[in-house]
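Accompanying notes for the structure given below.
As a basis for the values below, the full set of heavy atoms in this structure was taken, side chains included, without hydrogen atoms, waters or symmetry mates. The residues of the chain are indexed from 1 along the displayed sequence. Keep in mind that this is a model prediction, so the values were computed, not measured.
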Amino acid sequence: MSELLLLIGYCAVLGSGVGFLAGLLGIGGGLVIVPILSVILLYFNVLPPEHVVIVAIATSLASILFTSTSSAIAHHKNGNVPWSIAPWVMVGVALGALISGFLAALLPEHIVRAVFAVSVTLIAIKMFLSSKNKTSAQRTMPNKGVLTFVTTLTGGLSAIIGIGGGALLVPLLNYFSIDMKKAIGCASASGIVIALFGSVGYISAGSNQLELTNGFAGFVYLPALLGIVCTSWFTAPLGAKATQYLPVTTVKKIFAALLVVMALNMIIN
């Protein structure tokens with residue numbers, strides 16, 4: 001019991017940082033949660049090593065459901081969720097999350113990691129450079145069908161690797177001249193959808209492999225989920241509030257730096 005409480009405590013510390021980042025940058029925090037949670041699960045010998053990564057991804061998605069909800073509520077109160085386009089974006093990421101299982105079966109993991117790492121690095125460079133410019137070109141948002149198609153792709157990739165989607169969605173919306181704060185708010189709302197559909201898939205897939213009596217709901221490890229959510233729910237609004245006071249250029253630089261860290265993490269692991 002003492003080891004279980006210690007594990008929950010470690011996850012609570014992890015959740016506090018992830019929640020703040022979720023609110024500040026519109027990310028679910030999966031690329032932070034997955035590698036750190038994998039280490040925690042291995043340290044406490046929770047399950048066989050071959051299941052650690054998939055359990056970390058599934059638990060990450062389940063936690064994002066709560067973290068993104070808390071973040072989205074805070075951003076909505078601040079008027080930072082653009083509801084004129086958010087429903088179409090959410091439909092797209094929902095479709096992507098649903099088909100992510102098929103994509104995962106077709107694409108080797110190393111290819112997914114390489115494509116993601118290269119993509120976010122290029123996005124980070126573009127965002128860092130744009131943060132230096134006082135003015136930027138105004139680009140027209142594509143029609144709703146194209147927007148849904150593009151966000152379907154980002155939602156699918158996000159669900160495969162266990163993230164909420166903000167790492168891809170925020171730069172995409174910002175590229176189409178959506179205000180940085182509103183792009184983050186939209187990503188937070190969309191993260192709920194990715195996490196919901198992705199979690200259902202992982203719970204269903206793992207229901208015959210891991211037992212609830214051992215703390216698992218499918219591939220989701222409930223004690224770790226509890227630890228992460230008990231702090232991330234409260235720190236996410238703090239991050240969302242910080243976006244109201246930080247200059248847009250500063251937020252862009254922070255986001256760009258985080259994307260580089262994400263890319264390096266994908267390459268190394």
Side-chain angles (χ1 to χ4, degrees), residues 16-32 64-93 120 123-142 144 147-148 150-151 154-155 158 163-195 232-262:
S16 63
V18 167
F20 185 81
L21 289 175
L24 179 66
L25 301 175
I27 63 171
L31 282 175
V32 178
I64 289 168
L65 178 60
F66 296 90
T67 304
S68 289
T69 298
S70 177
S71 176
I73 291 172
H75 279 293
H76 172 70
K77 290 180 179 178
N78 292 328
N80 286 336
V81 180
W83 290 111
S84 59
I85 63 168
W88 298 94
V89 173
M90 294 171 78
V91 168
V93 297
V120 298
I123 290 169
I125 293 172
K126 174 66 173 64
M127 184 159 285
F128 181 78
L129 292 176
S130 68
S131 70
K132 292 183 175 182
N133 299 328
K134 297 297 182 181
T135 59
S136 58
Q138 293 296 310
R139 300 179 182 88
T140 304
M141 178 66 65
K144 302 299 191 297
L147 181 61
T148 300
V150 173
T151 53
T154 61
S158 298
I163 66 175
L168 300 177
L169 193 56
V170 171
L172 173 68
L173 295 176
N174 191 238
Y175 176 80
F176 288 113
S177 303
I178 298 296
D179 177 75
M180 189 67 176
K181 294 175 183 178
K182 293 187 182 299
I184 290 172
C186 187
S188 295
S190 299
I192 300 171
V193 180
I194 294 177
S232 66
W233 179 270
F234 299 102
T235 56
L238 298 178
K241 188 175 182 179
T243 63
Q244 299 297 109
Y245 301 99
L246 288 176
V248 172
T249 55
T250 301
V251 175
K252 282 189 174 184
K253 289 178 180 178
I254 294 173
F255 200 101
L258 184 63
L259 289 178
V260 172
V261 173
M262 290 177 175

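Checked by atom type and distance alone, the side chain of Thr151 pairs as donor or acceptor with a backbone atom of Thr148 at under 3.5 Å. Side-chain atoms of Ser190 do not come within 3.5 Å of backbone N or O of Ala187 as any donor-acceptor pair.
What you find for Gly191 and Ile64 is that their closest heavy atoms are O-CG2, 3.9 Å. Pro82 approaches Lys182 most closely through the heavy-atom pair CD-O, 3.2 Å. Shown here for Ala86 and Val81, the closest heavy-atom pair between the two residues is CB-CG1, 4.3 Å. Taking each heavy atom of Ala72 and Ile192 in turn, the nearest pair found is CB-CD1, 4.0 Å. The shortest non-hydrogen separation linking Trp233 to Ser70 is O-OG, 2.6 Å. Asp179 approaches Asn174 most closely through the heavy-atom pair C-ND2, 4.2 Å.
Crowding of Trp88 atom CH2: a count of heavy atoms from other residues, nucleotides or ligands under 6.0 Å not exceeding 12.
To the nearest 0.5 Å, atoms OG (Ser68) and NE2 (His75) are separated by 9.5 Å. How far CD1 of Ile178 is from SG of Cys186: 8.0 Å, rounded to the nearest 0.5 Å. How far CG of Leu173 is from CD1 of Ile184: 10.5 Å, rounded to the nearest 0.5 Å.
In this structure Phe176 satisfies the side chain to side chain contact (heavy atoms under 4.5 Å, CB included) test together with Arg139, Met141, Pro142, Leu172, sequence neighbours excluded. Under the side-chain hydrogen bond (donor to acceptor under 3.5 Å, both in side chains) criterion, Ser232 pairs with Thr67, not counting sequence neighbours.
Looking only at side-chain heavy atoms (C-beta outward), Met180 and Val170 come within less than 4.5 Å of each other.
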